[in-house]
Amino acid sequence: MKSPCITFLFFLLANLCSAQNNNTDFLQCLTSQFQASNSTQNVIYTPQNSSYSSIFLALARNPHFISTSKERPLAIITPNNESEIQATIHCAKIYDILIRVRSGGHDYEGLSYISQTPFVIVDMVNLRSISIDTKDNTAWIQTGAILGELYYTIAKTSTTLAFTAGACPTVGVGGHFSGGGYSMISRKHGLAIDNIIDAIVINANGEILDRNSMGDDHFWAIRGGGGTSFGIVVAFKVKLVTVPETVIVFNVARTLEQNATQLVHKWQYISDKIEENLLIRVFLRSVISESSNRTIQASFTALFIGGGVGDLLQIMEKNFPELGLVERDCIEMSWIESTLFFADFPNGSPINILLERPGGSHNNFKGKSDYVREPIPEHGLEGIWKYLNEEYENRAELQFSPYGGKLSTISESETPFPHRSGNIFMIHYVVGWGTDAQRHLNWIRSLYSYMTPFVSKSPRTAYLNYRDLDIGRNNNEGNTNYKQASVWGFKCFKNNFNRLVRVKTKVDPSNFFRNEQSIPVDVSYYIRKNTGILNNESFIV
Ligand code: FDA
């Protein structure tokens, strides 16, 4: 008789072998599918390809997860057309391989390129065309495009068209647009999702859908609910927005010795109420002052799209005279130049720098988010300064991004993104490190805990695009249930979470598209449907 240990060993080996066979069969399936459809070369990269590593790392924005995760993708697929995505879905379904979809690779927790179970990356890098229609000021944008490519293409077409999306040009359209998309013109024009008017999605059955064929619920879900739970988004159609030929920017920095605490305190009372053409963000970090003391620097960074320097100075004098903004602080430029300014490119950089994609060397970081509905008192801000002073220069930063304006006029349920009226600003916490990850992770978690009394409650809300698995997560395989997922789901979506679960249950009942923060399927709906016990259309949520 075999000992239990030996039996267990056989069991393990058998499973290992069958997993390996599965993986090999999957790759064979892919190859034959691609050959059958005469697919172009260089679409499948396996570890045997010399460029596998460089393709994997180029868009793996947070190396922390590369070092902490053992699994590497079985293959990276860089489709050139929709049929190659369909073929990948087809084989992944047969062999039960997870798909991770990557556009710009900026996911804070690496969910677009890391998994704890066998997986394949569908990297949208080759699907990045952008076509602009100046007759109706719309654009079709494939999701592999980065924001810089979008801004560049718009600027080449018109000096008064723009789009409302993030400040970092290397962020990908796929993840950014499907999770929200906050910009320096969001108080005037809303988020990226507020301007999406159509989309092309490939669902778990491999069907190619547009707005009409996917239906209202599905189209609603991919505009803020995170595209990855509902299929692979190939392209978004957006309404472009108009801006003046000349806009004004400023960046005014004040230290504690220059009343930074009082200024940040006052900013909370005006930043969401001031006219919507003006958006003033605050960036906070610990710096060494001119007199060699450690201090806090608050940088008030703004974009004004509502007139000339005189108009801006008048608005500031009326609402925020304490900042002491003067004419020489105000810089006139085009909107496209302002995108370079906010991305910290050196003055005078050519606009084609926006087309540059990130290389393979990135920094480890952890981010978190919060929403503030009541101004933080000065003593609360002083507690934040203590935390910031514990981190070295340039390691940690807090960003305060104002809401109000158009953001507040849209109802909480219009899109899955619920952070609308009543929010003064969003906090983005970020810390980076070279070594000693745990110390920095402890630091940011402790700061987040310190902030509890000052931020939104029941639920403590969070921005999906600043992905943070600390607020709750599904299992590693992405399988979950309503209860487990609602821990993080209500924080990101409030009551919209329930509708997202209903949509997921309809469009992807087998939970094919899943990750550590994907929307769960309402399993009990299917049990009831199959047993006929209850009304077929009733969901638990
Ligand atoms: P990535 O490719 O990693 O995808 C993110 C998620 O979306 C993953 O779950 C992925 O599977 C899924 N996904 C990607 N493409 C998909 C597709 N085609 N179909 C279905 N699912 C898809 N945000 C903001 O609002 N304003 C800002 O100014 C900034 N600035 C900023 C700067 C920097 C340096 C970083 C790292 C991040 C930001 N962000 C931001 C946050 C950013 O919006 C967020 O990280 C996006 O999800 C990034 O989208 P990517 O396509 O680059 O990421």
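Just so you know, these numbers use all the heavy atoms, side chains as well, and skip hydrogens, waters and symmetry mates. Every number for a ligand or one of its atoms is a count from 1 in the order of the listing. Quick caveat: nothing in here was measured; it's all calculated off a predicted structure.
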Visitor: Below 3.5 angstrom, do we get any N/O pair linking A167 and ligand 1?
Guide: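 Yes, at least one N or O pair falls under 3.5 Å.
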Visitor: Given E109, which of K366, K368, R61 fulfils the salt bridge (charged side-chain N to carboxylate O under 4.0 Å, His left out) condition?
Guide: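 So, applying the salt bridge (charged side-chain N to carboxylate O under 4.0 Å, His left out) to E109 and each of K366, K368, R61, only K366 qualifies.
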Visitor: Could you tell me whether ligand 1 has any atom less than 4.0 Å away from a heavy atom of Q517?
Guide: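 Judged by the 4.0 Å heavy-atom criterion, Q517 does not count as contacting ligand 1.
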Visitor: What do you reckon, does G105 have a nitrogen or oxygen under 3.5 Å from a nitrogen or oxygen of ligand 1?
Guide: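 Looking only at distances, the answer is yes, because the N/O contact criterion of under 3.5 Å is met.
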Visitor: Can you check which of G226, S112, G181, S369 brings a heavy atom nearest to atom 3 (O) of ligand 1?
Guide: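 Closest candidate by heavy-atom distance is S112.
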Visitor: For the residue pair F417 and H419, categorise the inter-ring angle as parallel (less than 30°), tilted (30 to 60°) or perpendicular (more than 60°).
Guide: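 Perpendicular, since the angle between the ring planes exceeds 60°.
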Visitor: Keeping the roles fixed (side chain from D210, backbone from S213), state whether a donor-acceptor pair exists under 3.5 Å.
Guide: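 Flag set: sc D210 to bb S213 pair under 3.5 Å.
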Visitor: What atoms of ligand 1 come within less than 4.0 Å of a heavy atom belonging to Y108?
Guide: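 Reading through ligand 1 atom by atom, the close ones are 35 (C), 36 (C), 37 (C).
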Visitor: So, is M124 polar-close to ligand 1, with some N/O to N/O distance under 3.5 Å?
Guide: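 No, no N or O pair falls under 3.5 Å.
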Visitor: Given that the side chain starts at C-beta and the backbone is N, CA, C, O, which of these parts of Y113 lies under 4.0 Å from ligand 1, counting heavy atoms, or is it both or neither?
Guide: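 Looking at Y113 and ligand 1, no heavy atom falls under 4.0 Å.
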Visitor: Any nitrogen or oxygen of V101 lying under 3.5 Å from a nitrogen or oxygen in ligand 1? Just yes or no.
Guide: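 Checking ligand 1 against V101, an N or O pair does fall under 3.5 Å apart.
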Visitor: Can you tell which part of R100 has a heavy atom less than 4.0 Å from ligand 1: side chain, backbone, both or neither?
Guide: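 Within the 4.0 Å criterion, R100 makes no contact with ligand 1.
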Visitor: Any nitrogen or oxygen of N465, side chain or backbone, less than 3.5 Å from one on ligand 1?
Guide: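 Indeed, backbone or side chain, N465 has an N or O that close.
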Visitor: Would you say D370's side chain and M426's backbone share a donor-acceptor pair under 3.5 angstrom?
Guide: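 No.
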Visitor: Give the ring-plane orientation class for Y463 versus Y466, where under 30° counts as parallel, over 60° as perpendicular and anything between as tilted.
Guide: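 Perpendicular.
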Visitor: If you measure from each non-hydrogen atom of T143 to ligand 1, which part falls under 4.0 Å: side chain, backbone, both or neither?
Guide: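 Side chain only.
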Visitor: Taking the ring of Y108 and the ring of H428, is the distance between their centroids below 6.0 Å?
Guide: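 Close enough - the centres of the two rings lie under 6.0 Å apart.
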Visitor: So, for F236 and W140, is the gap between ring centers shorter than 6.0 Å?
Guide: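 No, ring centres 6.0 Å or more apart.
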Visitor: I'd like to check which ligand 1 atoms, numbered from 1 as shown, lie under 4.0 Å from a non-hydrogen atom of G166.
Guide: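 Listed by number with element: 26 (N), 27 (C), 28 (O).
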Visitor: Here's a test for you: under side chain to side chain donor-acceptor pair (under 3.5 Å), which of E516, Q116, Q484 qualifies with N475?
Guide: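 Result for side chain to side chain donor-acceptor pair (under 3.5 Å) with N475: Q484.
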Visitor: Within a distance under 4.0 Å of any heavy atom of D107, pick out the atoms of ligand 1 and give their elements.
Guide: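 Answer, ordered by atom number: 1 (P), 3 (O), 5 (C), 6 (C), 8 (C), 9 (O), 53 (O).
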Visitor: Examine ligand 1 and decide if any of its atoms is less than 4.0 Å from a heavy atom belonging to G110.
Guide: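 The answer is no, since G110 has no heavy atom less than 4.0 Å from ligand 1.
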Visitor: Y466 near ligand 1, heavy-atom distance under 4.0 Å?
Guide: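 Right, Y466 reaches ligand 1.
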